[in-house]
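Worksheet for the structure shown next.
Note that the coordinates shown come from a computational prediction; the quantities given were computed from them, not determined experimentally.
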Amino acid sequence: MKKKKRKLSGTDVVFLIFSGGLLVFFFTFGLQMIREFSEEKNQYQSVVSLDGLEWGEEFEKKLKKIPGISSLTPAVEIPVRLKAETYTMEATLTGVELDGLKKQVSRSSEVPFGNVPVLLLGEESLAAMTDKNGHEASEEKQKELMERYEEINWQYCLAGDGKDIEDWKPCLVAGTLSLPAEGIYMAYSQAEMLAGTKEQERFLLTVRGKKNYERALGYFEGAGQR
């Protein structure tokens with residue numbers, strides 16, 4: 001004989017709904033805890049300015065009070081125009097100590113390191129590229145330029161140097177980065193020579209933990225208001 005299926009009572013339904021809700025809550029809460037734990041273990045970086053701050057004993061004391069700071073190393077930012085084939089764009093070359101840059105290299109090749117600037121391109125750094133008619137480069141074209149970076153005759157010219165004629169010079173690309181994806185980076189020593197200045201106004205800030213990072217950024221971003 002077949003056993004009759006017991007119908008769920010109202011109490012049973014409420015219990016099942018309550019139990020399911022608890023499972024969803026604890027699952028979501030667990031994922032949130034794992035994500036926050038991971039965020040507080042990761043390192044975060046930004047180029048910051050000391051505008052309004054003076055480097056000295058007092059500054060170093062304040063810096064030490066900000067939790068999670070791993071390092072603050074010199075950086076140089078150089079505004080340029082960058083050319084690849086018939087495409088050009090306004091860009092900023094960021095010079096840092098590459099060993100200290102938190103990065104993930106997606107492609108790389110050996111290039112000579114001399115007087116010609118050697119760049120690392122973030123995979124999303126060519127989004128502002130336009131052709132001679134002012135049309136933006138499609139995502140497919142940007143991807144193509146990235147994939148063929150070794151074959152391309154890359155050139156740059158300094159922006160805002162007061163010259164009426166653009167003075168294009170060669171540069172090399174040593175690879176592409178999936179992280180950081182948006183910037184264009186080069187060795188600090190080369191950037192310092194290219195910038196032609198010894199003034200130190202910008203630094204690469206490295207902080208462990210997302211909350212600490214946001215707190216540190218707030219400190220530097222508010223420097224100009226002090």
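Side-chain N or O atoms of N133 include none that pairs as donor or acceptor with a backbone N or O of H135 at under 3.5 Å. Side-chain N or O atoms of Q155 include none that pairs as donor or acceptor with a backbone N or O of L82 at under 3.5 Å.
Listed by chain and number, the residues in a side-chain hydrogen bond (donor to acceptor under 3.5 Å, both in side chains) with Q190 amount to none (sequence neighbours excluded). Under the ring-ring contact (aromatic ring centres under 6.0 Å, His included) criterion, Y156 pairs with no residue, sequence neighbours left out. In this structure S46 satisfies the side-chain hydrogen bond (donor to acceptor under 3.5 Å, both in side chains) test together with Y213, sequence neighbours excluded.
Using a 4.5 Å heavy-atom cutoff, the side chains of L119 and Y185 are not in contact. Under the 4.5 Å side-chain criterion, counting only non-hydrogen atoms from C-beta, P180 is not in contact with K102. The closest side-chain heavy-atom distance from L121 to M146 is below 4.5 Å. By the 4.5 Å heavy-atom criterion applied to side chains, I78 and T92 are not counted as neighbours. Contact of the T73 side chain with the V96 side chain is not registered, since no non-hydrogen atoms from C-beta on lie closer than 4.5 Å. Contact annotation: the side chain of W154 approaches that of Y149 to within less than 4.5 Å [non-hydrogen atoms, C-beta and beyond]. Taking the side chain as every heavy atom from C-beta outward, V48 and L72 approach each other to under 4.5 Å. V105 is listed as a side-chain neighbour of L177, based on a closest heavy-atom distance under 4.5 Å.
Taking CZ from R81 and SG from C157, the interatomic distance works out to 6.0 Å, rounded to the nearest 0.5 Å. How far CG of L194 is from CG of L93: 7.0 Å, rounded to the nearest 0.5 Å. A distance of 13.0 Å separates OG1 of T176 from NZ of K103, quoted to the nearest 0.5 Å. Here E139 contributes atom CD and E124 contributes atom CD; the two are 9.0 Å apart, rounded to the nearest 0.5 Å. If you take CG on L172 and OG on S109, they are separated by 9.0 Å, rounding to the nearest 0.5 Å. Note that CD of Q142 is 9.0 Å distant from CE of M89, once rounded to the nearest 0.5 Å.
The pair E166-K83 does not count as a salt bridge, with every side-chain nitrogen at least 4.0 angstrom from each carboxylate oxygen. Salt bridge present: K141 and E85 bring a charged side-chain N and a carboxylate O closer than 4.0 Å.
Annotation: E144, atom CD; neighbour count of heavy atoms from other residues, nucleotides and ligands within 6.0 Å is above 12. For E147, the CD atom sits in a packed shell: over 12 heavy atoms of surrounding residues, nucleotides or ligands are nearer than 6.0 Å. E214 CD: more than 12 foreign heavy atoms inside a 6.0 Å radius.
At a threshold of 4.5 Å between side-chain heavy atoms, the hydrophobic network of Ile, Leu, Val, Met, Phe, Trp and Tyr places L204 and L120 in one connected group. When hydrophobic clusters are built by joining Ile, Leu, Val, Met, Phe, Trp and Tyr residues whose side-chain heavy atoms come closer than 4.5 Å, directly or via intermediates, Y44 is grouped together with Y219.
R208 and S70 are not linked by any side-chain donor-acceptor pair at a separation below 3.5 angstrom, with hydrogens and angles left out of the test. At a cut-off of 3.5 Å, with distance as the only test, a side-chain donor of T206 or Q45 sits close to an acceptor on the other residue. A side-chain donor-acceptor contact under 3.5 Å links S106 and E123.
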